[in-house]
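What follows is a single structure, written as structure tokens, with notes after it.
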Number of protein chains: 2
Amino acid sequence: MAARLKDVAALAGVSVRTVSNVVSNTATVAPATRARVMAAVEELGYRPNLAARNLRQGRTGLVGVAVPEIHSPYFGALAGHLIDAAQQRGWTVLLERTGGRPELERRLLDGSQGHQVDGMIISPWSTSPAELASLAGGLPLVVLGELEPHGSIDHVALDNVAAARAAARHLTAAGRRRIAAVGLQSGLGHGTAELRAEGFRQGLAEAGLSPVAEVEVTDLHRAEGARAMRELLATAGRPDAVFCFSDELALGALRAAAEQGVHVPRELSLMGFDDIEDGRFCTPSLSTVAPDREQIAERAVQCLAERVLGRLDTLPGRRIVVPHRLLVRESTGGAATPV
Amino acid sequence: MAARLKDVAALAGVSVRTVSNVVSNTATVAPATRARVMAAVEELGYRPNLAARNLRQGRTGLVGVAVPEIHSPYFGALAGHLIDAAQQRGWTVLLERTGGRPELERRLLDGSQGHQVDGMIISPWSTSPAELASLAGGLPLVVLGELEPHGSIDHVALDNVAAARAAARHLTAAGRRRIAAVGLQSGLGHGTAELRAEGFRQGLAEAGLSPVAEVEVTDLHRAEGARAMRELLATAGRPDAVFCFSDELALGALRAAAEQGVHVPRELSLMGFDDIEDGRFCTPSLSTVAPDREQIAERAVQCLAERVLGRLDTLPGRRIVVPHRLLVRESTGGAATPV
DNA sequence: CGCCCATATTGCAACGTTGCAATCAACGTG
DNA sequence: CACGTTGATTGCAACGTTGCAATATGGGCG
């Protein structure tokens with residue numbers, strides 16, 4: 001059915017090896033020969049058999065990207081950028097969802113789940129860096145969203161503490177005094193929430209304030225944000241500003257506020273985190289912290305490439321900090337941005 | 001480095017072939033032998049080399065899923081379901097984005113882009129069914145979102161005409177008379193928009209009405225919806241209801257309406273299409289047509305499985321219609337649904 | 001006790017590719 | 001004119017797995 005090197009060789013009147021040299025550019029081939037081979041390739045519609053090539057070379061050309069979920073706006077956008085960055089380097093991305101479940105994260109890393117990959121980019125939820133390192137074995141690994149490097153694993157992340165501090169500062173600078181946070185997650189090895197909480201508290205402390213409430217959530221989705229906001233609005237000492245650790249939480253909170261007739265931003269200032277597209281188009285538009293997703297993706301793939309190609313097993317894990325921006329929109333009293 | 005069948009065989013004191021029989025369940029193996037082999041597998045941490053297996057069997061275990069974009073809420077959610085459905089059948093999904101670009105759709109299908117796959121599920125944007133068939137060659141193919149089967153390609157889609165008709169009926173039944181549509185796309189082989197427009201017109205006609213406007217868009221994103229709505233609100237004969245062909249368009253339209261101080265649903269009734277999560281949490285919540293995404297994914301993978309495993313090259317293309325539901329929410333005067 | 005059958009295990013070859021090293025032709029140089 | 005050198009091409013083997021067919025083992029039956 002499908003043409004093989006052998007078939008092309010027969011048609012072009014050269015050896016199999018020469019055809020291989022032409023299609024993979026591995027040796028000098030006389031122009032005339034190359035032309036003849038190319039013509040045969042064209043005529044037969046030859047495509048290299050990747051299974052065979054991979055078997056021979058020991059590399060698959062696949063890189064795994066494991067995120068908690070792909071249908072969430074944040075991870076969906078990030079995954080898109082990762083795919084772009086990988087494609088530029090000739091890799092194909094195998095997108096995996098962990099759903100935040102520890103056993104899935106583990107199975108992906110130890111290779112018992114899914115296909116063989118040359119390396120992996122993971123945004124862990126419930127697995128600690130130390131555990132990641134041991135599970136991955138020799139597999140080149142880049143971790144997103146954690147700050148403590150461990151072993152020979154590279155980390156790419158924001159400075160979550162500074163970012164949350166900036167958000168808190170923005171709220172205090174606008175004169176808010178009764179400020180709450182939504183998005184803490186207890187009992188999770190996942191450090192992001194704690195880092196944001198830490199930065200949040202620092203930012204308030206600078207203005208001589210402390211949080212009026214810190215609401216824990218079980219996930220970062222809208223429904224949890226709505227629940228948290230209802231909880232906050234039901235308490236006696238209602239907050240005048242709320243910082244949600246994700247835009248999705250904030251959108252849920254916004255909805256709950258609207259249901260209770262609480263005007264945002266007049267009565268309540270609201271901030272998110274992530275800069276997802278919905279936040280630009282909802283009413284009021286959502287102030288947020290915007291990570292440079294494109295750069296996260298680019299740097300992550302770059303790190304992975306260096307490890308896969310350079311065999312840097314011994315190089316200690318690097319920590320790469322990607323910049324973020326504070327976006328002030330209507331939900332904290334900013335101007336309507338043209339959409 | 002990695003353990004091979006040979007290593008396991010040596011450790012267990014059996015032949016390579018027997019180990020293969022154990023790990024792939026291909027022949028009867030004595031319980032005692034099986035146990036010994038399993039122990040050796042465990043001890044060495046053996047994992048089958050998929051490249052070798054694929055080379056030998058001629059199948060890759062990969063199935064391609066090509067969607068215009070993965071970071072859009074609709075396709076993101078659909079992709080998630082497709083991954084689930086494929087995983088249940090032991091397949092790994094290779095997610096590809098076409099970005100709606102014809103040349104990318106083509107390259108994916110003719111195999112010159114990306115990895116080798118056993119089959120492909122594609123949600124085409126700019127390539128016609130006939131073209132798809134010829135490009136795919138012998139590659140088993142399932143097409144999402146088109147209704148005209150062609151060649152030996154299966155199609156899985158909604159009844160877009162009926163769905164749009166139901167949406168239009170809902171608006172006329174609520175007493176709206178000046179109804180516009182947003183989301184037509186001229187010059188695109190893509191049939192979905194035309195089908196929805198057709199259903200929309202039918203629904204209005206049943207009430208003796210015709211559209212007051214039909215606004216074309218260049219894509220289905222929020223920004224285009226906002227632009228279209230501004231355009232509609234600027235005209236003399238302002239509509240009292242708007243049907244957007246996607247929820248994203250509707251969310252942009254909602255934003256634009258809010259900016260212009262037009263109250264939804266009092267002054268303007270608004271409907272979307274797709275049932276993305278944002279529509280449940282925005283204010284007002286968005287009435288929409290909800291395709292059964294899970295079933296779309298399940299049926300698509302099922303069709304593909306039958307073709308890949310059964311070699312049904314000759315079976316003519318099937319047309320599978322998946323049900324949809326009309327969800328009435330606040331944007332057309334429905335009650336606030338608890339979130 | 002010998003034969004046959006079912007069950008369990010094995011050896012060989014092949015899937016399509018590329019690394020390695022050898023071969024071959026042609027050319028410029030001493 | 002012989003020689004070394006470069007450039008072009010080639011044959012062989014191997015990557016790790018499984019299909020095929022053959023062989024060993026044990027048990028039931030005549």
Side-chain angles (χ1 to χ4, degrees), chain A residues 1-41 44-62 90 92 111-112 115-118 309 311, chain B residues 1-41 44-62 90 92 111-112 115-118 309 311:
Chain A
M1 179 63 215
R4 298 151 300 166
L5 282 183
K6 198 199 291 186
D7 305 317
V8 178
L11 182 59
V14 296
S15 79
V16 168
R17 200 61 189 75
T18 299
V19 180
S20 170
N21 286 335
V22 171
V23 299
S24 56
N25 258 342
T26 42
T28 48
V29 176
T33 312
R34 152 164 275 121
R36 229 172 46 248
V37 170
M38 292 301 274
V41 163
L44 296 176
Y46 169 78
R47 306 272 172 225
N49 180 316
L50 296 179
R53 179 177 282 180
N54 297 340
L55 173 60
R56 187 61 241 247
Q57 305 196 9
R59 301 199 298 113
T60 64
L62 290 173
T92 301
S112 54
H115 263 248
Q116 268 152 357
V117 293
D118 292 340
L309 303 175
R311 301 254 134 261
Chain B
M1 179 66 214
R4 298 152 299 168
L5 281 182
K6 198 200 288 186
D7 305 316
V8 177
L11 181 59
V14 295
S15 78
V16 168
R17 200 60 188 73
T18 299
V19 180
S20 170
N21 286 335
V22 170
V23 300
S24 55
N25 258 340
T26 43
T28 48
V29 176
T33 313
R34 152 163 276 122
R36 235 178 34 255
V37 170
M38 292 301 275
V41 163
L44 296 176
Y46 168 78
R47 307 273 172 224
N49 180 316
L50 296 179
R53 181 176 281 181
N54 296 339
L55 173 59
R56 185 63 241 249
Q57 303 191 337
R59 302 199 296 115
T60 64
L62 290 173
T92 301
S112 53
H115 263 249
Q116 269 154 356
V117 294
D118 293 339
L309 303 176
R311 302 253 135 262

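Note that this is a predicted model, so its numbers are computed, not measured. Here is the naming used below: chain letters follow the sequence lines, and residue numbers restart at 1 for every chain.
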>> Over all strands shown, is B/Asn21 touching base, sugar-phosphate only, or nothing at heavy-atom distances under 4.0 angstrom?
In response: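 The residue B/Asn21 makes base contact.
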
>> Applying side-chain contact (heavy atoms from CB on, under 4.5 Å) to B/Val41 and B/Val23, what does each step give before you reach the verdict?
In response: CA-CA 9 Å; B/Val41 163; B/Val23 300; 4.2 Å; yes

> In Å and rounded to the nearest 0.5 Å, what is the CG to OG1 distance from B/Leu55 to B/Thr60?
Replying inline: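 Those atoms lie 12.0 Å apart.
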
> Looking at residues 29-38 of chain B, who's got a heavy atom less than 4.0 Å off DNA chain C?
Replying inline: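 By residue number: B/Val29, B/Ala30, B/Thr33.
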
>> Using heavy-atom distances to pick each residue's nearest nucleotide on DNA chain C, tell me which of B/Thr18 and B/Ala52 is more 5'.
In response: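 First, find each residue's nearest nucleotide; the 5'-ward one identifies B/Thr18.
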
>> For A/Ser20 and B/Arg17, find the nucleotide of DNA chain C closest to each by heavy atoms; which residue's nucleotide sits nearer the 5' end?
In response: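 Final value for this comparison: B/Arg17.
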
>> In the structure I gave you, are the side-chain heavy atoms of B/Asn25 and B/Arg34 within less than 4.5 Å of one another anywhere?
In response: yes

> Going by heavy atoms in the side chains, are A/Asn49 and B/Gln116 under 4.5 Å from each other?
Replying inline: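 A/Asn49 vs B/Gln116: side chains touch.
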
> Stepwise, does the side-chain contact (heavy atoms from CB on, under 4.5 Å) test hold for A/Leu44 with A/Leu11?
Replying inline: CA-CA 9 Å; A/Leu44 296 176; A/Leu11 182 59; 3.9 Å; yes

>> Determine whether A/Asn54 and A/Arg59 satisfy the following criterion, side-chain contact (heavy atoms from CB on, under 4.5 Å), listing intermediate values before the conclusion.
In response: CA-CA 5 Å; A/Asn54 297 340; A/Arg59 301 199 298 113; 5.7 Å; no

> What pair of heavy atoms forms the shortest contact from A/Ala2 to A/Asp7, and how long is it?
Replying inline: O-OD2, 4.1 Å

>> Quick check for you: name the first and last nucleotides of DNA chain C, 5' to 3', having an atom under 4.0 Å from a heavy atom of chain B.
In response: C/dA8 to C/dG16

Throw together a table of side-chain donor-acceptor distances under 3.5 angstrom for residues 12-20 of chain B, partners on residues two or more places apart or in other chains.
residue, atom, partner, partner atom, Å
B/Ser15, OG, B/Arg17, N, 3.3
B/Ser15, OG, B/Thr18, N, 3.2
B/Ser15, OG, B/Thr18, OG1, 3.2
B/Arg17, NH1, B/Ser20, OG, 3.4
B/Arg17, NH1, B/Asn21, OD1, 2.8

